[in-house]
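See structure below.
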Amino acid sequence: QVQLVESGGGLVQAGGSLRLSCAASGSIFSLRTMGWYRQAPGKQRELVAGISSGGSTNYADSVKGRFTISRDHAKDTVYLQIDSLKPEDTAVYYCALGYPVRSWGQGTQVTVSS
């Protein structure tokens with residue numbers, strides 16, 4: 001089973017930036033769509049960005065222009081660059097393999113202070 005390990009979360013001020021990383025174990029990484037989801041307290045988990053094996057991307061309307069998803073096949077890693085952070089971006093961010101999701105990472109907390 002593929003394991004996903006996120007890193008890069010933290011506490012930042014509004015307007016700041018973070019880069020989240022998700023390292024995957026297992027050879028099927030390059031064959032699968034990858035996604036970043038987030039879950040804020042009291043809210044459902046939502047998809048914020050996805051990237052296909054060929055590099056096509058899609059974003060939730062709420063993050064378009066501020067979030068950028070990318071992947072490095074050589075490193076089996078997917079990234080989420082988050083710019084112009086807002087307090088409403090505060091959430092646990094999860095990396096996911098496949099669509100429908102086959103595996104989840106453990107999550108990394110992003111907290112944005114105003």
Side-chain angles (χ1 to χ4, degrees):
Q1 183 173 347
V2 175
Q3 289 190 324
L4 305 173
V5 179
E6 300 102 331
S7 60
L11 172 64
V12 295
Q13 289 187 333
S17 298
L18 283 174
R19 189 175 82 152
L20 308 183
S21 299
C22 172
S25 64
S27 60
I28 66 171
F29 170 83
S30 64
L31 303 177
R32 299 289 184 180
T33 290
M34 298 295 297
W36 283 98
Y37 293 71
R38 68 184 180 187
Q39 188 166 21
K43 295 188 177 181
Q44 289 189 331
R45 193 172 297 189
E46 61 172 349
L47 175 66
V48 295
I51 185 166
S52 71
S53 59
S56 299
T57 59
N58 64 283
Y59 299 93
D61 288 343
S62 59
V63 306
K64 282 181 181 177
R66 300 189 298 120
F67 288 23
T68 304
I69 189 171
S70 60
R71 68 192 297 166
D72 185 333
H73 288 278
K75 296 182 178 180
D76 287 345
T77 300
V78 62
Y79 304 98
L80 186 68
Q81 177 68 38
I82 311 176
D83 298 318
S84 303
L85 277 157
K86 303 177 181 180
E88 52 263 43
D89 294 321
T90 294
V92 178
Y93 284 71
Y94 297 90
C95 175
L97 174 78
Y99 190 81
V101 176
R102 296 169 61 95
S103 296
W104 293 97
Q106 83 286 355
T108 186
Q109 176 71 47
V110 172
T111 303
V112 185
S113 63
S114 57

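Bear in mind the structure is a predicted one, so any value in this text is a computation, not a measurement.
- Counting heavy atoms from C-beta outward, Val110 and Arg38 have side chains that stay 4.5 Å or more apart.
- Side-chain heavy atoms closer than 4.5 Å link hydrophobic residues (I, L, V, M, F, W, Y) into clusters, and following such links, even through other members, never connects Val63 to Tyr37.
- Thr108 approaches Ser7 most closely through the heavy-atom pair OG1-C, 4.4 Å.
- Side-chain contact check for Val2 versus Arg32: every heavy-atom pair is 4.5 Å or farther apart.
- Ion pair Lys64/Asp61 flagged as a salt bridge, since at least one NZ, NE, NH1 or NH2 atom sits closer than 4.0 Å to an Asp/Glu carboxylate oxygen.
- At a threshold of 4.5 Å between non-hydrogen side-chain atoms, the residues Thr57 and Thr68 do not count as touching.
- Taking each heavy atom of Ser52 and Arg71 in turn, the nearest pair found is O-NH1, 3.0 Å.
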Gln109 vs Thr90, side-chain contact (heavy atoms from CB on, under 4.5 Å): CA-CA, chis, key distance, verdict: CA-CA 8 Å; Gln109 176 71 47; Thr90 294; 4.0 Å; yes
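- Val101 and Leu47 fall within a single hydrophobic cluster, where Ile, Leu, Val, Met, Phe, Trp and Tyr side chains are chained together by heavy-atom contacts under 4.5 Å.
- For the pair Arg66 and Asp89, the tightest heavy-atom approach, listed with the atom from each and the gap, is NH1-OD2, 2.7 Å.
- Side chains of Trp36 and Val78 form a contact here, defined as non-hydrogen atoms less than 4.5 Å apart.
- The number of heavy atoms from other shown groups lying within 6.0 Å of CD (Gln106) is above 12.
- Between Cys95 and Leu4, the shortest heavy-atom contact is O-CD1, 3.7 Å.
- Looking only at distances, no side-chain donor or acceptor of Gln3 sits under 3.5 Å from a matching main-chain atom of Ser25.
- When the side chains of ILVMFWY residues are joined at heavy-atom separations under 4.5 Å, either directly or via intervening members, Val92 and Trp104 end up in a single hydrophobic cluster.
- Classified by interplanar angle (parallel below 30°, tilted 30° to 60°, perpendicular above 60°), the ring pair Phe67/Tyr93 is tilted.
- Arg45 and Tyr94 make their closest contact through NH2-CZ, 3.4 Å (heavy atoms, listed as atom of the first residue, atom of the second, distance).
- Annotation: side chain of Arg19 is not in contact with side chain of Ile82 (no heavy-atom distance under 4.5 Å).
- Hydrophobic clustering of Ile, Leu, Val, Met, Phe, Trp and Tyr side chains at less than 4.5 Å, counting indirect connections, keeps Tyr79 apart from Leu97.
- In this structure, Ser17 and Ser84 approach most closely via the heavy-atom pair OG-N, 4.3 Å.
- Under the 4.5 Å side-chain heavy-atom criterion for grouping Ile, Leu, Val, Met, Phe, Trp and Tyr, Val12 is connected to Leu20 within one hydrophobic cluster.
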